[in-house]
Amino acid sequence: MRRVRYEHTGGPLFLEEVPVPAVGPGELLVRTAAIGVTLPVVRKVTEAAEPIPLGGEIAGEVVAAGEGVTRFTAGDRVTGLCFGHGYADYALLHETMATPVPESASPVDAVALVRSGLVALGALEAARPRPGESALVTAAASGVGQLAVQLARLRGASRVVGAVSAPGKAAFVRGLGADDVIAYDADVWGEPVDYVLDAVGGELLTPAIAALAPGGRLVAYSSGGGTVQAYDLLVGAKSVIGFQMARIARGEPQLYERWRRELWRLFTDGALRPAVHGEFDLADAAKAHEVIESRSNLGKVVLRT
């Protein structure tokens with residue numbers, strides 16, 4: 001089978017031929033059809049001290065089920081988060097990280113919706129939104145951000161603002177349902193909002209905190225780091241909440257499953273539609289990474305096998 005690998009920090013990425021992996025206890029061997037490309041994986045290639053398996057979101061058909069697997073069998077269509085080699089024709093997916101894909105959804109729909117949607121929905125839940133409150137979503141054109149904009153509206157936000165890296169993304173974000181779109185380098189981010197869902201971090205934390213109304217909440221779910229000045233929180237009685245999807249997946253499986261069911265329900269009802277920027281062949285994984293690195297994507301970037 002084909003698999004994408006790299007040998008040192010920064011790449012390059014290349015294809016290699018390797019045997020199909022053997023399925024272990026609790027695992028599913030999946031013939032992949034679509035693979036999601038995410039900023040955290042791209043950052044690992046460019047920043048990790050040593051090469052790591054390129055994992056992430058996959059969708060495809062179960063070929064074999066390992067010992068102890070009870071929820072799936074060969075022929076089932078699934079999607080989920082792969083912690084091993086996911087950029088491959090076949091990948092191993094632990095049963096606990098897998099979810100069925102309904103007939104109405106394609107593999108591309110699945111990788112664009114589930115993992116990104118779980119992060120978006122989880123961050124939104126962490127903000128404790130109340131009907132009629134206003135929201136601001138950073139990286140609003142990203143795979144997660146585009147779903148966060150839609151979910152904030154579905155949860156009753158009176159006004160949704162999208163923050164983007166370039167003005168050229170404004171029309172796309174407005175098409176998702178955003179009322180206003182602002183660029184990161186704007187001097188003022190408009191009227192204050194009740195909560196911010198921040199996927200960027202770093203230097204963007206300061207203007208994001210400033211965009212909060214008194215008593216506002218910022219949910220940070222970025223791997224970009226950054227520092228928040230305590231005084232900036234004190235003067236407006238503002239708060240910052242950290243959100244990590246892995247903690248929910250490991251520690252609250254029932255909540256994780258409930259969120260997954262809600263995402264599929266919204267998708268099936270036509271209320272939530274993940275946008276896909278482009279589909280790349282597995283052999284063109286480097287080109288897909290370039291799109292993410294350039295921050296030029298409008299929606300999800302997907303690899304096809």
- Message: Restricting to ring pair (Phe, Tyr, Trp, His ring centres under 6.0 Å), what partner residues turn up for W264, sequence neighbours left out?
- Response: F267
- residues 73-91 vs salt bridge (charged side-chain N to carboxylate O under 4.0 Å, His left out), sequence neighbours excluded, gives R2-D89
- What pairs meet the side-chain hydrogen bond (donor to acceptor under 3.5 Å, both in side chains) rule with one or both residues in residues 295-305, with sequence neighbours excluded? E57-K300, S116-K300, E279-R304, S294-S296
- Task: Assess whether atom CD of E203 is packed by more than 12 heavy atoms of other residues, nucleotides or ligands within 6.0 Å.
- Result: no
- Message: With heavy-atom distances below 4.5 Å as the criterion, would you say the side chains of Y195 and L136 are in contact?
- Response: no
- Co-members of Y231 in a cluster of I, L, V, M, F, W and Y side chains, linked at under 4.5 Å: V235
- Taking only residues at least two apart or on different chains, which pairs with a member in residues 3-23 satisfy salt bridge (charged side-chain N to carboxylate O under 4.0 Å, His left out)? R3-E16, R5-E7, R5-E16
Under 3.5 Å donor-acceptor pairs involving side-chain atoms of residues 49-56, not counting sequence neighbours:
none

- Over all atoms of both residues, closest heavy-atom pair of A123 and L197: O-CD2, 3.6 Å
- Connected hydrophobic set around V302, excluding itself, where side chains approach under 4.5 Å: V108, V111, V276
- Query: Please, which pairs that meet salt bridge (charged side-chain N to carboxylate O under 4.0 Å, His left out) have at least one residue in residues 204-219, sequence neighbours excluded?
  - Reply: E133-R217
- At what distance, to the nearest 0.5 angstrom, does CH2 of W259 lie from OG1 of T99? 14.5 Å
- Item | Audit row: Y6, V45, side-chain contact (heavy atoms from CB on, under 4.5 Å) steps and yes/no | CA-CA 8 Å; Y6 68 107; V45 174; 3.9 Å; yes
- Note on the structure: Those residues at least two apart in sequence (or on a different chain) that pass side chain to side chain donor-acceptor pair (under 3.5 Å) with D180 are none
- Within 6.0 Å of NZ in K44, more than 12 heavy atoms from elsewhere: no
- Message: According to ring-ring contact (aromatic ring centres under 6.0 Å, His included), does anything in residues 277-305 pair up with another residue at least two apart or in another chain? List the pairs.
- Response: Y87-H289
- ILVMFWY cluster membership beyond V23 - transitive side-chain contacts under 4.5 angstrom: M1, V18, V20, L29, V63, Y90, L92
- Item | Contact list for residues 146-158, test salt bridge (charged side-chain N to carboxylate O under 4.0 Å, His left out), sequence neighbours left out | E125-R155, R153-D179, R155-E262
- Message: Are there over 12 heavy-atom neighbours, none belonging to E191, within less than 6.0 Å of that residue's CD?
- Response: no
